[in-house]
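Take this structure first; my questions come after.
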Protein chains: 2
Amino acid sequence: MVAVTKNGRSAPTSERRDELLAIAARLIATRGFSATTVRDVADEAGILSGSLYHHFSSKEAILAELLKRFMTTLLDRFEKIAAETDSPREALDLLVDQAFRTIESEPDAVGIYQNESSFLATQQGFEFVSEHSARIEQIWMTAIRDGQASGDFRASVDPAITYRFIRDSVWATGRWFRPGGRHTAESLSAHYLDFLHQGLLAD
Amino acid sequence: MVAVTKNGRSAPTSERRDELLAIAARLIATRGFSATTVRDVADEAGILSGSLYHHFSSKEAILAELLKRFMTTLLDRFEKIAAETDSPREALDLLVDQAFRTIESEPDAVGIYQNESSFLATQQGFEFVSEHSARIEQIWMTAIRDGQASGDFRASVDPAITYRFIRDSVWATGRWFRPGGRHTAESLSAHYLDFLHQGLLAD
DNA sequence: GGCTATCTATCAAGCGTTTGCTCGATTCTG
DNA sequence: CAGAATCGAGCAAACGCTTGATAGATAGCC
């Protein structure tokens, strides 16, 4: 059942498994979870649909593993930023920057996260989605609130609403940003931070 | 085939039809199109699944009609704003305001628009999606560009990227904003416009 | 006003296909 | 040889959709 490779690492992980996960992620991100069939994934991988069940216990398990991997590493990165920064403004800037880098490096996972997580949050076996979302929200809102307390950020904006505005506009970038085009994660991030800091109005 | 009611209006429209469309919209908005079955819709309406086909030719036709109605009236409203405003800044403010009002009045259609339109844009029978999206984009970007030309908006932001930031953050509000809670469309709109105008940083 | 013809909305039953998944047999590989 | 990966065949359920029959309302007519 569980692969034990020669490097001694015992885990349900292998190169082939990761390939299949990546294929599934790409299809699910573009067509949606329930519009993606196990036969679609198997076809893309060059195997029969039944063979997928040597690697995964169910179609849902594939989705759960994709989302769990993504959200766990994302939360780790955010927690690291929160712990290692001095000023709230630096923290928020780095959080935004990290989000854009994640969009660049893992566009499929980001797409799945956006499309499926809201419905999944209430689903059995996906409790980690709302748990991790809550902890991420806490990190971002702490940065915003601390920034208001320190006088860096305007006190008149509602932290909760502002967080959602920022979160949604940043992650939604994943819907149209494709590496290799006119923009890079760096340029997008810089552009967004300027927009976020200064607003649209001229002085 | 086509209902001709006593008021002389000939169209494939009726009260019952609209009810069924509203039910389908609610389910599709929450679970996604392909995760929503015709039996789900029929159950919710208290009829058998086959009876749906007296009103609609296919499941896809229901989705197409929902999206077409929504995008057509939305485009009309945006065009009216563009035509009736004097300054670019007033235009952009009213566009944002209209978007929030639409989220409030038609949350299901907005949800479907967000979740399904990107995949649908390439689909046969849904050409109107990308056509209307392009015209909407043109209206918004004209407002942004004109505002930059007039000196109202900062010239250093990229209009195309800025449009997408605004569009995504505004529409994504529909994912968490539910009328009857702490916020109204008005308060959200005012809050967002302040955020958009001034940015986050204190002076 | 009563009778009939028409039309609308639904039911009841089921069709053909697709779906997620199972399981023993087989091939591949270190 | 042993274990991992895949095949081949198929099952039961769910899917979108079709079709003929059936109530219930509406309209026309004398």
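Lettering of chains follows the sequences in order, A, B, ..., and the numbering in each one begins at 1. What you see is a predicted model; the values in this text were computed from it and never measured.
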- Message: Output the rounded distance in Å from CD (E15(A)) to P (dA4(D)).
- Response: 16 Å
- Message: For a quick test of reading the model: is some side-chain N or O of H55(B) closer than 4.0 Å to OP1 or OP2 of dT8(C)?
- Response: no
- Inter- and intrachain pairs under side-chain hydrogen bond (donor to acceptor under 3.5 Å, both in side chains), touching residues 96-108 of chain B, at least two apart: R77(B)-E106(B), D97(B)-R101(B), D97(B)-S189(B), Q98(B)-T102(B), R101(B)-E186(B)
- Whole-Å distance between dT26(C) C1' and I47(A) CD1? 15 Å
- Message: Using whole Å, what does the distance between atom P of nucleotide dG16(D) and atom CG of D43(B) come to?
- Response: 12 Å
- Task: Please name all residues satisfying side chain to side chain contact (heavy atoms under 4.5 Å, CB included) with K80(B), sequence neighbours left out, ordered by chain then number.
- Result: E84(B)
- Which parts of nucleotides 12-23 of chain C does protein reach within less than 4.0 Å, heavy atoms only, written one letter per nucleotide 5' to 3' as B for base, S for sugar-phosphate only and - for none? B-B----BBBB-
- Item | Any H54(A) side-chain nitrogen or oxygen under 4.0 Å from OP1 or OP2 of dA5(D) | yes
- Take atom CZ of R16(A) and atom C1' of dT6(D), then tell me their distance rounded to the nearest Å. 9 Å
- Sorted by number, the residues of residues 18-32 of chain A with heavy-atom contact under 4.0 Å to DNA chain C: none
With a cut-off of 3.5 Å and sequence neighbours excluded, list every side-chain donor-acceptor pair involving residues 136-149 of chain A.
| from | atom 1 | to | atom 2 | distance (Å) |
| --- | --- | --- | --- | --- |
| T142(A) | OG1 | Q138(A) | O | 2.7 |
| Q148(A) | NE2 | R154(A) | O | 2.9 |
| Q148(A) | NE2 | V157(A) | O | 2.9 |

- Message: In this structure, how many angstroms lie between the P atom of dT6(D) and the CZ atom of R17(A), rounded?
- Response: 13 Å
- Query: Looking at residues at least two apart in the chain, or sitting in another chain, which of them share a ring-ring contact (aromatic ring centres under 6.0 Å, His included) with F70(A)?
  - Reply: Y113(A)
Check residues 22-33 of chain B and write down every donor-acceptor pair under 3.5 Å in which the side-chain atom is one partner and the other belongs to a residue at least two apart or another chain.
| from | atom 1 | to | atom 2 | distance (Å) |
| --- | --- | --- | --- | --- |
| R26(B) | NH2 | E44(B) | OE2 | 2.6 |
| T30(B) | OG1 | R26(B) | O | 3.1 |
| T30(B) | OG1 | L27(B) | O | 3.1 |
| R31(B) | NH2 | D40(B) | OD2 | 3.2 |

- Message: Less than 4.0 angstrom from a charged side-chain N to a carboxylate O is my criterion; do E65(B) and K68(B) meet it?
- Response: no
- Note on the structure: For S150(B), the side chain to side chain donor-acceptor pair (under 3.5 Å) test, sequence neighbours excluded, returns D152(B)
- Sequence neighbours excluded, every pair satisfying side-chain hydrogen bond (donor to acceptor under 3.5 Å, both in side chains) that has a member inside residues 164-179 of chain A: N115(A)-R175(A), D168(A)-W176(B), S169(A)-Y192(A), W176(A)-D168(B)
- Task: Could you tell me whether the side chain of L193(A) reaches within less than 4.5 Å of the side chain of F100(A), counting heavy atoms only?
- Result: no
- Task: Using whole Å, report how far CZ of F56(A) lies from C1' of dT6(D).
- Result: 14 Å
